[in-house]
Every structure is written in C-alpha cells, then in structure tokens.
Visitor: 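Please find one structure pasted underneath; my questions will follow.
Values below: all heavy atoms of this structure, side chains included; hydrogens, waters and symmetry mates excluded. Below, chains carry the letters A, B, ... as their sequence lines are ordered, and counting in each starts from 1.
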Number of protein chains: 2
Amino acid sequence: MPGQDIKLTSTSYIVLGLIDLRGPSTPYDLKGLLEQSVANFWPVPHTTFYAEPDRLAGAGYLTIDQEQGGRRRKTYEITPAGTDALRTWVQTAEASSPVMHDEGMLLVFLGADPEPVNRARIVWHTEKLTELEGYLDRQVKANGPAGVIRSLIAGTMYHRMCIEMHEKLLALSDASAE
Amino acid sequence: MPGQDIKLTSTSYIVLGLIDLRGPSTPYDLKGLLEQSVANFWPVPHTTFYAEPDRLAGAGYLTIDQEQGGRRRKTYEITPAGTDALRTWVQTAEASSPVMHDEGMLLVFLGADPEPVNRARIVWHTEKLTELEGYLDRQVKANGPAGVIRSLIAGTMYHRMCIEMHEKLLALSDASAE
DNA sequence: ATTGCACCGTTCGATCCGCACCGTATGCTC
DNA sequence: GAGCATACGGTGCGGATCGAACGGTGCAAT
C-alpha cells in the first residue's frame with residue numbers, strides 16, 4: 001500500500017528503470033550508471049536524483065533496506081507497484097520533442113568564426129563516440145538489455161553523423177574562404 | 001556611463017545580438033525573432049527574456065525609449081558599450097558542450113518499442129527542416145547576416161542528418177524483426 | 001457599445017539546482 | 001599505530017529559474 005501519492009516525473013521513471021535493470025541498488029550505484037547512460041540524452045542534476053528514491057519509497061514504489069552499522073547505506077528495491085508504473089509509462093508515454101542546447105551554434109549565429117567551433121565539436125563528438133562505443137561493446141558482450149543496446153547504437157550513430165556534419169561545414173567555409 | 005554592473009549571461013548576449021541585428025526593437029519584436037532563430041538551439045523562457053532588456057539598460061548596454069501614450073511600449077537601442085561587450089564575447093567565448101534533452105531516447109533506453117519513436121522523430125525533424133528552409137531562403141534572398149545564414153545552413157543540415165539516421169534505425173529494427 | 005481576440009507583457013509561487021559542506025571508510029606513510 | 005590524504009556517499013541551503021495564470025490595451029466586427 002502506497003503512503004502518499006506523488007507525481008511521477010521523468011526522473012522518477014529513470015530511478016525506477018535503473019533499479020529495474022540493475023536490481024537492488026544504492027543511490028550512489030545508480031548515479032554511476034546514470035552518468036554512463038541516461039545523462040547523455042537526458043541530464044539529471046545529482047541533487048534532484050538523490051532526492052528521488054526516498055520520494056518513491058514513500059509512495060510505495062520502492063522499498064528501503066538500510067545498513068545497520070558504518071555508513072548506513074540505503075539499498076532500494078523496486079516493488080510490484082514500481083515495475084507496474086514503469087511498464088505502463090514506457091508503453092504509453094509520448095516522447096516530448098527533443099531540445100538542444102548548443103552554445104556553439106549561438107556564437108555562430110551572432111557572427112563568431114565558425115571554424116574553431118566546428119573543430120571543437122569534432123573533438124568532442126569523437127570523444128563521446130569512443131566512450132559510447134566502449135559501453136556498447138561491453139553491453140553486447142554481456143548480452144545486456146535490448147533497450148540499453150538500442151540506445152547505445154543510436155548514440156554512436158548520432159555522434160558519427162555529427163562528426164560528418166561538422167566536417168562538411170568546415171569544408172564549406174574553406175571553400176567560401178578562397 | 002553604466003549604472004550598476006551586472007553579470008552578463010548568454011541571455012544578455014542574445015538580447016544584445018538580436019538588437020544589433022535588427023536595430024531598435026521592443027522586447028516583443030525580439031521575442032518573435034528569437035523564436036524563429038536562437039530558440040532552435042538555445043531555448044530561453046520568455047519570462048527570463050522579457051526581464052533582460054531592463055537589466056541591460058540599467059547597466060548602460062541599452063537605452064530605453066518609451067512611448068508616451070497608449071501601450072507605452074519601450075523600444076531599446078544598443079549603446080557603444082553594448083556592441084563592445086557583444087563583439088568581445090562573440091570573439092573570445094568558448095562554447096560549452098552541447099546538451100541534448102531527448103525523451104524518446106529515454107523511452108527506448110527503458111525498453112519502449114523504438115519504431116513509433118523513430119517515426120515520430122522523422123515527422124518532427126521534417127517539419128523543422130521545412131521551417132528552417134523557409135527562413136534560410138528568405139535570409140539568402142535578403143542577403144542577411146553571414147552568421148544567421150551559417151546557423152541556418154547548419155540547422156537544415158542537422159535535421160536532414162537526423163532524418164537519415166532515424167530511417168537507418170527503422171531499417172535496423174525491421175531487419176532484426178524478421 | 002459590447003464582445004472577442006490578438007497584442008504585449010508582468011506577477012507569483014513552486015521548483016530546481018549548484019555550491020558548499022560533512023561524516024565515513026580506506027588506504028598510505030612514517 | 002597515529003596521522004593524513006583521498007575517495008566515497010551523500011545533504012542543506014538559498015538564490016535562480018520558469019511556467020501558469022493573469023491583466024491591461026488596441027482594434028475589428030457585430
């Protein structure tokens with residue numbers, strides 16, 4: 001039986017989803033996982049994130065198991081109500097439109113030299129690509145969850161396309177510079 | 001002479017930049033322009049945006065000219081200090097890394113069927129593409145500012161690549177469905 | 001002359017979120 | 001084995017933010 005009922009936000013579903021993937025976890029465990037996955041396409045500040053498990057537990061979506069000695073870590077486990085809410089949301093939610101925050105584009109818009117911006121972006125996307133390829137490799141080897149693998153495939157594809165795009169843009173400005 | 005000195009944020013530079021492009025403007029004018037340009041890669045909530053011109057005027061980066069009768073609209077104009085601050089920032093700022101908010105990816109990560117997500121994305125990017133192509137066309141015909149045109153070229157290229165990507169992803173899931 | 005609607009913002013309150021801090025363990029050094 | 005550095009694992013606070021809702025102004029049509 002739930003205590004209070006609370007409004008479930010995307011942060012809630014992230015916490016539920018990560019626990020569902022990983023089994024019983026401490027918030028810190030989840031945070032590590034978050035940073036290697038969800039944070040790449042849906043950033044969540046850690047203060048918001050840390051506050052969420054207790055909210056969810058209060059409403060009956062998670063249970064808490066607290067260590068008695070030492071650090072008194074809390075381990076959270078998902079309840080049937082939790083998996084239920086998660087599955088329902090995943091199957092019925094409509095995704096809102098993607099939103100970009102790209103300061104480089106802003107600089108270009110305002111008249112900055114596009115070349116250094118494009119170069120910096122290529123470096124950044126290349127690093128991200130390497131990082132995600134690493135995760136993907138591990139997930140495939142470990143036969144990880146289909147959704148996780150799909151999101152990693154999409155992520156690597158995305159960064160490759162961005163690199164290509166910035167290279168094209170560089171070529172364009174080279175061409176017009178002559 | 002500036003009154004208070006204030007911290008200039010990216011919102012400040014957007015306001016300065018738009019007035020610089022457009023000449024003397026009311027906040028509402030700027031908002032219209034914003035929505036057709038900057039908001040596509042750097043969202044600014046309108047409450048934040050409306051508050052900015054007065055801050056900038058208070059610090060000497062803009063001047064205010066207020067209508068006497070009727071709606072008492074305020075028209076803002078950029079000062080030399082304003083163009084100065086703008087130019088300096090545009091030439092020296094380092095762009096922070098791009099950040100994505102993509103709920104569709106989150107759904108896929110959590111196990112949702114990727115097909116409807118990809119389809120919805122294709123629709124959305126196609127609409128955006130059409131919109132930006134319209135702006136680009138107008139800017140080119142009107143011989144608009146180089147930065148504005150460059151950002152529109154990048155934008156259209158970006159949405160085209162996204163469409164391609166989602167089509168590839170659809171093809172992938174089709175293939176594995178058999 | 002009243003309704004209705006687009007224009008043009010402003011207010012307010014809840015939420016958020018980043019900075020700074022703090023106790024706990026685990027070495028590592030001498 | 002005492003002291004110190006460093007990573008772990010968070011929490012508290014207060015200002016910044018942001019969206020819902022409101023509200024006045026002009027204008028056009030009835």
Visitor: Pull out every protein N or O sitting under 3.5 Å from an N or O of nucleotides 4-7 of chain C, one pair per line with the distance.
Guide:
| residue | atom | partner | partner atom | Å |
| --- | --- | --- | --- | --- |
| C:dC7 | O3' | B:R71 | NH1 | 3.4 |
| C:dC7 | O2 | B:R71 | NH1 | 3.3 |

Visitor: For the residue pair B:H125 and B:H166, categorise the inter-ring angle as parallel (less than 30°), tilted (30 to 60°) or perpendicular (more than 60°).
Guide: parallel
Visitor: What is the distance from CD1 of B:I64 to C1' of C:dG9, rounded to the nearest Å?
Guide: 15 Å
Visitor: Test: side-chain hydrogen bond (donor to acceptor under 3.5 Å, both in side chains). Region: residues 147-158 of chain B. Which pairs qualify, not counting sequence neighbours?
Guide: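 Those involving residues 147-158 of chain B are A:Y158-B:Y158.
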Visitor: Under a 4.0 Å threshold between the charged nitrogen and the carboxylate oxygen, would A:E164 count as salt-bridged to A:R160?
Guide: no
Visitor: Strictly distance-based, threshold 3.5 Å: is any side-chain N or O of A:S25 a donor or acceptor partner for the main-chain N or O of A:L30?
Guide: no
Visitor: Measure the distance from NE2 on A:H101 to P on C:dC17 and round it to the nearest whole Å.
Guide: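 Between P of C:dC17 and NE2 of A:H101: 11 Å.
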Visitor: Got a sec, which hydrophobics cluster with B:W124, joining ILVMFWY side chains under 4.5 Å apart, including via others?
Guide: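 The other cluster members (ILVMFWY side chains, heavy atoms under 4.5 Å, direct or chained): none.
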Visitor: Just to verify, what does A:T83 make a side chain to side chain contact (heavy atoms under 4.5 Å, CB included) with, not counting sequence neighbours?
Guide: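 Residues passing side chain to side chain contact (heavy atoms under 4.5 Å, CB included) with A:T83: A:D20, A:I78.
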Visitor: Starting at atom CZ of A:F49, determine the distance to atom P of C:dC17, rounded to an integer number of angstrom.
Guide: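 One finds 14 Å between P of C:dC17 and CZ of A:F49, rounded.
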Visitor: Just the rounded figure in Å: distance from P of D:dG10 to CG of A:D54.
Guide: 10 Å
Visitor: Using a cutoff of under 3.5 Å, can you pull out all pairs of nitrogen or oxygen atoms linking the protein to nucleotides 18-20 of chain D, with atom names and distances?
Guide:
| residue | atom | partner | partner atom | Å |
| --- | --- | --- | --- | --- |
| D:dC18 | OP2 | B:T48 | OG1 | 3.1 |
| D:dG19 | N7 | B:T47 | OG1 | 3.2 |

Visitor: Going by side-chain heavy atoms closer than 4.5 Å, which hydrophobic residues are tied to A:V108, directly or by a chain of links?
Guide: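 ILVMFWY cluster around A:V108 also holds A:V117.
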Visitor: Rounded to the nearest Å, what distance is computed from the CH2 atom of residue A:W42 to the P atom of nucleotide C:dC17?
Guide: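 Between P of C:dC17 and CH2 of A:W42: 11 Å.
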Visitor: Please report the distance, rounded to the nearest Å, between OH in B:Y50 and P in C:dG9.
Guide: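 Whole-Å distance recorded here is 5 Å.
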Visitor: Taking side-chain contact (heavy atoms from CB on, under 4.5 Å) as the criterion, tell me which of A:K74, A:R73, A:K31 meets it with A:T26.
Guide: A:R73
Visitor: Figure out the CZ/C1' separation between B:R55 and C:dG9, and round it to whole Å.
Guide: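 Between C1' of C:dG9 and CZ of B:R55: 18 Å.
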Visitor: Rounded off to whole Å, could you give me the NZ-to-P distance for the A:K31 and D:dT11 pair?
Guide: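 The distance from NZ of A:K31 to P of D:dT11 comes to 12 Å, rounded to the nearest Å.
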Visitor: When you measure from the side chain of A:E103 to the backbone N and O of B:S96, does any donor-acceptor pair fall under 3.5 Å?
Guide: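 It does hold such a pair.
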